[in-house]
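Excluded from the calculations below are hydrogen atoms, water molecules and symmetry mates; all remaining heavy atoms, backbone and side chain alike, are included.
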Amino acid sequence: QVQLVESGGGLVQAGGSLRLSCAASGRTFGNYAMGWFRQAPGKEREFVAALHWSGRNTYYGDSVKGRFTISRDNAKNTVALQMNSLKPEDTAVYYCAATVGNWLTVDGYNYWGQGTQVTVSS
């Protein structure tokens, strides 16, 4: 079992940056692949980024490649999402998730945080 709590969301102007953080409970955080997802009103949940438990492999959605960076600190049980060059279309609730299964699909994630709102103004 792992519990996840996101933080760092807020309001930012287009072109700005935000850093989201996700704190995980549990002593086996290093065994989990971690992902970030987002959902805008009226849209399906979108897979934003993921990081394999080893830290060696990453995944980024096409819409965020080159702008977002996922990282983890296993000593602190945290995973971060650095978001640069933000656009109004990045506005959404961002969720942190964890899995010991298939880390490259939305359905593979078993544990989810409550989400944090990111709003990008034009």
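The shortest non-hydrogen separation linking Ser17 to Asn84 is OG-OD1, 2.9 Å. What you find for Val2 and Ala98 is that their closest heavy atoms are CG1-CB, 4.0 Å.
A distance of 14.0 Å separates OG of Ser122 from NZ of Lys87, quoted to the nearest 0.5 Å. Distance check, rounded to the nearest 0.5 Å: OG of Ser71 to CZ of Arg19 gives 4.5 Å. Note that CZ of Arg72 is 14.0 Å distant from CG of Leu81, once rounded to the nearest 0.5 Å.
Ion pairing of Asp62 with Lys65 is present here, as a side-chain N (NZ or NE/NH1/NH2) and a carboxylate O approach within less than 4.0 Å.
The hydrophobic clustering, which links ILVMFWY residues whose side-chain heavy atoms are closer than 4.5 Å, places Tyr60 and Val118 together. Transitive grouping of hydrophobic side chains (ILVMFWY, heavy atoms separated by less than 4.5 Å) brings Tyr95 and Tyr109 into a common cluster. Using a 4.5 Å cut-off between side-chain heavy atoms of Ile, Leu, Val, Met, Phe, Trp and Tyr, with links allowed through other members, Val106 and Val48 fall into different hydrophobic clusters. In terms of hydrophobic clustering, with Ile, Leu, Val, Met, Phe, Trp and Tyr side chains grouped at heavy-atom distances under 4.5 Å, Trp112 and Val93 are assigned to a common cluster.
Arg38 pairs with exactly one of Glu6, Glu89, Glu46 by the salt bridge (Lys or Arg N to Asp or Glu O under 4.0 Å) rule, that one being Glu46. Test Leu18, Thr119, Val64 against Leu86 for side chain to side chain contact (heavy atoms under 4.5 Å, CB included) and you get one pass: Leu18.
Ring orientation note: the planes of Phe68 and Tyr94 are tilted relative to one another, at an angle of 30° to 60°. In this structure, Phe47 and Phe37 have parallel ring planes: the angle between them is below the 30° cut-off, well short of the 60° mark.
Thr28 contributes no side-chain N or O that, together with a main-chain N or O of Asn31, makes up a donor-acceptor pair within less than 3.5 Å. For the pair Thr99 (side chain) and Gly108 (backbone), a donor-acceptor distance under 3.5 Å is present. In terms of modelled atom types and a separation under 3.5 Å, the side chain of Arg67 and the main chain of Ser85 share a donor-acceptor contact. The closest donor-acceptor contact from the side chain of Tyr32 to the backbone of Ala24 lies at 3.5 Å or more, if one exists at all. Under a 3.5 Å cut-off, the side chain of Thr58 and the backbone N or O of Leu51 do not form any donor-acceptor pair. Remark: side-chain polar atoms of Thr91 are paired, donor with acceptor, to backbone N or O of Val120 under 3.5 angstrom.
Heavy atoms of other residues, nucleotides or ligands lying less than 6.0 angstrom from CD of Gln39 number more than 12. For CH2 of Trp103, the number of neighbouring non-hydrogen atoms (other residues, nucleotides, ligands) closer than 6.0 Å is greater than 12.
No hydrogens or angles considered: nothing links the side chains of Thr78 and Asp73 as a donor-acceptor pair under 3.5 Å.
Within the 4.5 Å cutoff, side-chain heavy atoms of Leu20 are placed close to those of Met83. Using a 4.5 Å cut-off on side-chain heavy atoms (C-beta onward), His52 and Tyr59 make no contact.
Residue pairs meeting the disulfide bond (SG atoms under 2.5 Å apart) criterion with at least one partner in residues 55-98, sequence neighbours excluded, are Cys22-Cys96.
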